[in-house]
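Report on the structure given below.
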There are 2 protein chains.
Amino acid sequence: MTLPAARGRPRSAATTAAILQAAYALMAGQGLAATTIDAVARAAQVSKMTIYKWWPSREPLLIDAFLHHAAATLPLAREGHGAARIRAHVADYIAALDSDLGRVQLAVIAECIAQSGSAASFFARYLSHRRAALAQIIAEGQADGSIARRAAPEAIYDALYGGLFYRHLFGIAPLDAEALLALALV
Amino acid sequence: MTLPAARGRPRSAATTAAILQAAYALMAGQGLAATTIDAVARAAQVSKMTIYKWWPSREPLLIDAFLHHAAATLPLAREGHGAARIRAHVADYIAALDSDLGRVQLAVIAECIAQSGSAASFFARYLSHRRAALAQIIAEGQADGSIARRAAPEAIYDALYGGLFYRHLFGIAPLDAEALLALALV
DNA sequence: CCATTAAGTGGACGGTAAGTCCATTTAATG
DNA sequence: CATTAAATGGACTTACCGTCCACTTAATGG
């Protein structure tokens with residue numbers, strides 16, 4: 001399983017990280033409009049060509065920048081089971097929405113829409129895995145009796161997380177989960 | 001109630017309509033990235049200065065372009081009552097999402113995010129009225145017994161329409177309402 | 001008819017980002 | 001030391017932004 005001995009100068013992990021960090025920080029701090037490729041190159045102290053060498057356009061770069069942080073910030077695994085596990089994760093999700101990660105997520109989604117017309121690429125690279133994993137947890141909760149609702153797990157996920165995301169996107173306060181949890185689970 | 005006799009050359013309704021139509025058509029046909037102020041001016045056969053005279057930036061222009069069509073396309077009023085009225089409107093909403101209007105709505109939301117960090121301005125100028133009106137219909141349905149769910153009408157709205165919007169935004173098929181309606185109303 | 005008022009025109013301008021090109025330097029391998 | 005590929009930095013074309021200004025057009029009132 002060893003790689004066939006890389007030739008030439010190896011790709012710098014530090015440079016890659018600097019680019020992704022700079023893109024993330026710009027989205028979080030200055031917003032999407034200020035997160036140009038030029039600005040990322042300046043902030044990361046990297047040549048613009050290096051960015052274009054590895055990312056064909058801004059959309060995949062921003063998705064990568066988001067994933068670079070989301071993986072470490074929003075762990076999916078958690079002890080507990082069924083309804084309790086969903087409630088715990090929903091609390092984490094709300095906290096994440098109300099942080100840099102939530103702002104950056106919206107910026108990434110906006111870039112996807114601007115380029116592709118929808119955020120399907122973001123779903124494919126990130127959300128689909130979460131939706132599948134959480135639907136699985138919901139199904140377990142239905143099996144062990146902690147979730148009374150009999151609807152399809154994906155529908156429950158969409159109502160619960162879609163409802164929360166809707167409020168986040170449109171700035172509808174308060175961003176609390178109690179009513180939606182009762183609706184989706186009980 | 002007569003206006004105080006307008007002075008000077010009156011604003012041309014045809015010019016205003018041409019601008020809004022051009023912006024809408026560009027968003028629907030070419031996407032947000034191609035919907036520049038220059039492109040709108042060219043398509044509407046209007047001077048760029050005329051656009052800047054009435055709209056300070058692209059965000060309010062695109063919102064106006066959306067509203068210009070949405071008002072005529074997605075009527076809120078409908079006969080029937082309670083659950084039946086919600087089901088009918090949900091069907092209309094799904095049809096609208098799966099049309100030009102749905103694409104344009106996403107483009108407008110993306111522009112709001114890019115400029116403001118969230119789509120709160122779009123909510124204030126459009127969605128908030130729909131949410132309030134539909135929450136009212138949901139409350140009536142709870143009162144007349146056609147909606148069994150006891151949750152807050154706004155929470156039911158968020159779960160139902162937020163869930164549908166979520167699937168639209170992320171390209172999750174199928175975009176059907178049955179499971180979400182059962183979850184939200186029964 | 002004419003002065004006034006404001007809408008709309010069209011061209012020009014400086015600034016900035018996109019995306020590409022190329023010669024050069026740097027860091028690894030055999 | 002020759003080879004390979006990453007990374008640099010500057011130059012360049014194209015396009016849009018936002019603004020400016022002199023001008024024309026369409027209405028009003030005296």
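None of these values were measured; they are calculated from a predicted model.
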Return yes if some donor-acceptor pair links the side-chain N/O of B:Arg87 with the main-chain N/O of B:Leu181 below 3.5 Å, else return no.
no
Of the non-hydrogen atoms in A:Ala34 and A:Ala39, which two are nearest, and what is the gap between them?
O-CB, 3.5 Å
Check the phosphate of D:dA6 against A:Trp54, side-chain N and O only, distance under 4.0 Å to OP1 or OP2. Yes or no?
no
From CG of A:Asp38 over to C1' of D:dA11, roughly how many Å is that when rounded to an integer?
13 Å
B:Tyr166 and B:Phe170 aromatic centres sub-6.0 Å:
yes
Working note: B:Glu111 + B:Arg58, criterion salt bridge (charged side-chain N to carboxylate O under 4.0 Å, His left out); need CA distance, chi angles, decisive distance, verdict.
CA-CA 8 Å; B:Glu111 174 67 9; B:Arg58 197 170 68 156; 2.5 Å; yes
To the nearest 10 degrees, the angle between the two end axes of the helix from C:dC1-D:dG30 to C:dG30-D:dC1 (five pairs per end) comes to 10°
Please report the C-alpha distance between B:Val108 and B:Met27 in whole Å, then the side-chain angles of each, then the deciding distance to 0.1 Å, and finally whether the side chain to side chain contact (heavy atoms under 4.5 Å, CB included) criterion is met.
CA-CA 8 Å; B:Val108 171; B:Met27 282 191 279; 3.9 Å; yes
So which atom in B:Arg149 and which in B:Leu183 form the shortest heavy-atom distance, rounded to 0.1 Å?
CD-O, 3.8 Å
Atom-to-atom span, CH2 of A:Trp55 to C1' of D:dA7 - whole angstrom:
13 Å
Please test A:Ser57 against A:Gln115 for side chain to side chain contact (heavy atoms under 4.5 Å, CB included), starting from the C-alpha separation and ending with a verdict.
CA-CA 10 Å; A:Ser57 67; A:Gln115 298 307 319; 5.9 Å; no
Using the ring pair (Phe, Tyr, Trp, His ring centres under 6.0 Å) rule, pick out the option among A:Tyr161, A:Phe165, A:Tyr157 that qualifies with A:Tyr93.
A:Tyr161
Linking I/L/V/M/F/W/Y whenever any side-chain heavy atoms sit under 4.5 Å apart, do B:Val46 and B:Trp54 land together?
yes
Contact residues, residues 9-37 of chain B to DNA chain D [heavy atom, < 4.0 Å]
B:Arg9, B:Pro10, B:Thr36, B:Ile37
Kindly say whether A:Phe123 contributes a backbone atom to a donor-acceptor pair with the side chain of A:Ser128 at under 3.5 angstrom?
yes
Closest-nucleotide 5' rank along DNA chain C - winner of A:Pro56 and B:Gly8
B:Gly8
B:Arg58 has an atom CZ; how far is it from atom C1' of D:dG18, in whole Å?
14 Å
Distance below 4.0 Å between B:Thr50 side-chain N/O and C:dT9 OP1 or OP2:
yes
ring-ring contact (aromatic ring centres under 6.0 Å, His included) with A:Tyr126: which residues, sequence neighbours excluded?
A:Phe66, A:Phe122
Do B:Ser99 side-chain atoms and B:Ala96 backbone N/O form a donor-acceptor pair below 3.5 Å?
yes
Short side-chain N/O contact from A:Lys53 to OP1 or OP2 of D:dA6, under 4.0 Å
yes
Could I get a table of every N or O pair under 3.5 Å where one atom is in the protein and the other is in nucleotides 10-14 of chain C?
| from | atom 1 | to | atom 2 | distance (Å) |
| --- | --- | --- | --- | --- |
| C:dG10 | N7 | B:Ser47 | OG | 3.1 |

Send over the distance from B:Tyr52 OH to D:dT19 C1', rounded to a whole Å.
9 Å
Residues in contact with DNA chain D, drawn from residues 60-69 of chain B - heavy-atom cutoff 4.0 Å:
none
Contacts of B:His69 meeting ring-ring contact (aromatic ring centres under 6.0 Å, His included) (sequence neighbours excluded), chain-then-number -> B:Tyr24
Just the rounded figure in Å: distance from C1' of C:dA17 to CD1 of A:Ile51.
13 Å
Derivation and outcome, side chain to side chain contact (heavy atoms under 4.5 Å, CB included), residues B:Leu20 and B:Leu67
CA-CA 9 Å; B:Leu20 295 177; B:Leu67 293 179; over 6 Å; no
